[in-house]
Amino acid sequence: MRILITGGAGFIGSHLSDRLLAEGHQVVCLDNFFTGRRDNIDHLLDHPGFELLRHDVCEPIFLEVDQIYNLACPASPVHYQYNPVKTVKSNVMGTLNMLVLAKRVGARILQASTSEVYGDPHVHPQPESYWGNVNPIGPRACYDEGKRVAETLMSDYHREDGVDIRIARIFNTYGPRMAENDGRVVSNFIVQALRGQELTLYGSGEQTRSFCYVDDLVDGLVRLMAAEGRHDPVNLGNPVEFTIRQLAEEVVKVVGGTTGVTYKPLPQDDPSQRQPDISRARNWLGWEPRLQLEEGLVRTVEYFRHRLKRRNRAAVPTLDERLTSPGLLD
Ligand SMILES: NC(=O)c1ccc[n+]([C@@H]2O[C@H](COP(=O)([O-])OP(=O)(O)OC[C@H]3O[C@@H](n4cnc5c(N)ncnc54)[C@H](O)[C@@H]3O)[C@@H](O)[C@H]2O)c1
């Protein structure tokens with residue numbers, strides 16, 4: 001099949017590209033390179049089945065494709081809050097443009113939604129039937145509400161026009177090719193530990209998250225896309241719950257050495273608990289995560305070790321430096 005991945009040069013999108021190419025599909029990778037990196041897909045540029053398009057999903061596009069994975073959207077608070085209106089646009093206009101395309105060419109379309117649609121949940125763990133507790137005017141709303149509207153658009157295009165939709169509610173995912181300065185807790189801790197810096201814990205460190213290794217997540221996305229007639233949202237994440245303090249201890253154990261901890265206040269609307277109920281993914285897709293946290297951290301730490309070494313040699317601009325330079329963010 002010919003498969004479009006929007007946000008294909010990002011963390012998850014690049015792993016999904018690897019997987020689909022390995023299965024013999026053709027991949028059209030579309031990205032505006034806001035948070036995506038050429039580095040992530042360099043190894044694919046000479047692959048005969050791989051095509052790269054620099055494009056912004058907020059603009060319409062016409063392509064002949066059989067499937068669309070709509071991943072284009074900055075995923076970490078530092079990035080999605082950098083230009084909140086643009087984040088809303090990417091979620092709303094971007095999803096709309098992809099749905100128009102899907103309808104026009106009869107493609108099946110999967111939306112990368114998020115556990116953030118549950119906000120700071122009152123139900124724990126979160127099943128797909130839970131409608132969430134989201135602050136619609138807070139600093140995270142551009143992402144949370146943007147993704148909720150994306151789900152609404154998907155559902156309306158399915159009801160009104162019969163578009164063959166899939167909705168994946170993705171929980172915290174980690175692995176190689178995460179950006180190192182994006183404020184996500186796993187990459188933050190790993191980079192700080194590798195640099196011998198104190199790990200920054202927000203709040204008491206007792207808030208919980210579950211962490212899914214990227215290969216497991218990609219497997220869930222591919223299974224969901226392939227499943228017939230599954231138009232309702234499906235949680236994809238690892239149900240094993242850790243406190244942030246436990247995560248910090250695991251990271252220090254894998255990196256080695258001794259590292260202290262600095263405490264900072266919890267950001268506004270930061271959820272205190274997050275754990276997926278994955279019964280639906282188990283029943284519908286026969287899916288569950290395989291890799292345990294320690295093994296996943298070993299692979300991720302190895303990636304960051306190499307990446308930091310290369311950065312030291314090449315003086316590549318950091319993400320923070322890139323974020324302060326003009327381009328792409330109107
Ligand atoms: N990583 C996670 O833990 C997680 C959790 C829940 C949901 N998700 C969702 O999965 C998707 C991929 O996330 P990721 O972790 O790979 O993040 P990422 O930032 O690495 O990837 C997002 C990609 O989308 C691109 N992009 C952003 N806005 C765009 C636009 N307007 N037009 C074209 N390209 C654009 C970026 O350049 C980047 O390559 C996102 O939609 C995110 O919301 C991720």
Side-chain angles (χ1 to χ4, degrees), residues 4-18 28-41 52-61 68-80 82-98 110-118 126 140 142-148 150-151 154 167-187 209-214 216-218 220-221 233-238 271 274 276 296 300 319 322-323 327-330:
L4 172 64
I5 306 178
T6 75
F11 161 51
I12 297 175
S14 62
H15 285 277
L16 181 60
S17 300
D18 288 344
V28 181
C29 166
L30 180 156
D31 209 294
N32 72 350
F33 289 96
F34 173 37
T35 51
R37 291 194 316 262
R38 226 184 130 91
D39 254 14
N40 291 343
I41 46 163
L52 175 62
L53 291 178
R54 180 184 277 266
H55 182 83
D56 193 306
V57 282
C58 298
E59 303 299 329
I61 192 163
I68 303 169
Y69 287 86
N70 188 31
L71 272 56
C73 174
S76 74
V78 274
H79 293 144
Y80 68 64
Y82 177 74
N83 186 341
V85 173
K86 176 73 188 190
T87 301
V88 175
K89 280 184 180 171
S90 296
N91 278 312
V92 178
M93 292 160 64
T95 304
L96 196 57
N97 285 329
M98 289 306 124
L110 182 148
Q111 171 65 21
S113 186
T114 169
S115 56
E116 300 288 333
V117 299
Y118 300 123
Q126 296 83 52
R140 301 170 76 106
C142 58
Y143 184 73
D144 306 1
E145 297 288 16
K147 290 285 186 182
R148 285 167 71 98
E151 289 197 10
M154 294 283 286
I167 300 172
R169 290 191 181 148
I170 303 171
F171 284 65
N172 279 13
T173 301
Y174 71 100
R177 304 187 197 145
M178 294 178 87
E180 71 220 42
N181 293 347
D182 68 0
R184 285 195 255 191
V185 64
V186 176
S187 47
R209 294 291 185 278
S210 51
F211 303 99
C212 186
Y213 189 68
V214 65
D216 281 331
L217 190 267
V218 163
L221 293 176
V234 177
N235 286 340
L236 294 176
N238 194 322
R274 209 31 98 52
T300 312
L319 265 171
R322 289 176 47 202
L323 278 174
L328 298 176
L329 300 170
D330 49 325

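Note that ligands are numbered from 1 as they come in the structure, with each ligand's atoms numbered from 1 the same way.
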Q: According to salt bridge (Lys or Arg N to Asp or Glu O under 4.0 Å), who are the partners of Asp18, at least two apart in sequence or on a separate chain?
A: Arg177
Q: Can Tyr118 and Asn235 be counted as having a side-chain donor-acceptor contact under 3.5 angstrom?
A: yes
Q: Should the pair Arg169-Glu151 be classified as a salt bridge under the 4.0 Å nitrogen-to-oxygen rule?
A: yes
Q: Looking at Arg274 and Glu116, is there a salt bridge between them, counting it only when a charged N and a carboxylate O are closer than 4.0 Å?
A: yes
Q: Ser90: what forms a side-chain hydrogen bond (donor to acceptor under 3.5 Å, both in side chains) with it, not counting sequence neighbours?
A: none
Q: Write none if no such pair exists; otherwise list each N/O atom of ligand 1 with its protein N/O partner under 3.5 Å and the distance.
A:
unit_1, atom_1, unit_2, atom_2, d
ligand 1, 1 (N), Arg184, NH1, 2.6
ligand 1, 3 (O), Thr173, N, 2.8
ligand 1, 15 (O), Arg184, NH1, 3.0
ligand 1, 15 (O), Arg184, NH2, 3.2
ligand 1, 16 (O), Phe11, N, 3.3
ligand 1, 16 (O), Ile12, N, 2.8
ligand 1, 19 (O), Thr35, OG1, 2.6
ligand 1, 20 (O), Phe11, N, 2.9
ligand 1, 24 (O), Cys73, N, 3.4
ligand 1, 26 (N), Asn32, OD1, 3.4
ligand 1, 31 (N), Asp56, OD1, 2.9
ligand 1, 31 (N), Ser90, OG, 3.0
ligand 1, 32 (N), Val57, N, 3.0
ligand 1, 34 (N), Asn32, N, 3.2
ligand 1, 34 (N), Asn32, OD1, 3.3
ligand 1, 37 (O), Asp31, OD1, 2.6
ligand 1, 37 (O), Asn32, OD1, 3.4
ligand 1, 37 (O), Phe34, N, 3.1
ligand 1, 37 (O), Thr35, N, 3.1
ligand 1, 37 (O), Gly36, N, 2.9
ligand 1, 39 (O), Gly10, N, 3.1
ligand 1, 39 (O), Asp31, OD1, 3.2
ligand 1, 39 (O), Asp31, OD2, 2.5
ligand 1, 39 (O), Gly36, N, 3.2
ligand 1, 41 (O), Leu71, O, 2.9
ligand 1, 41 (O), Lys147, NZ, 2.8
ligand 1, 43 (O), Tyr143, OH, 2.5
ligand 1, 43 (O), Lys147, NZ, 3.0

Q: So, using ring pair (Phe, Tyr, Trp, His ring centres under 6.0 Å) as the criterion, who are the partners of Phe211 when residues are at least two apart?
A: none
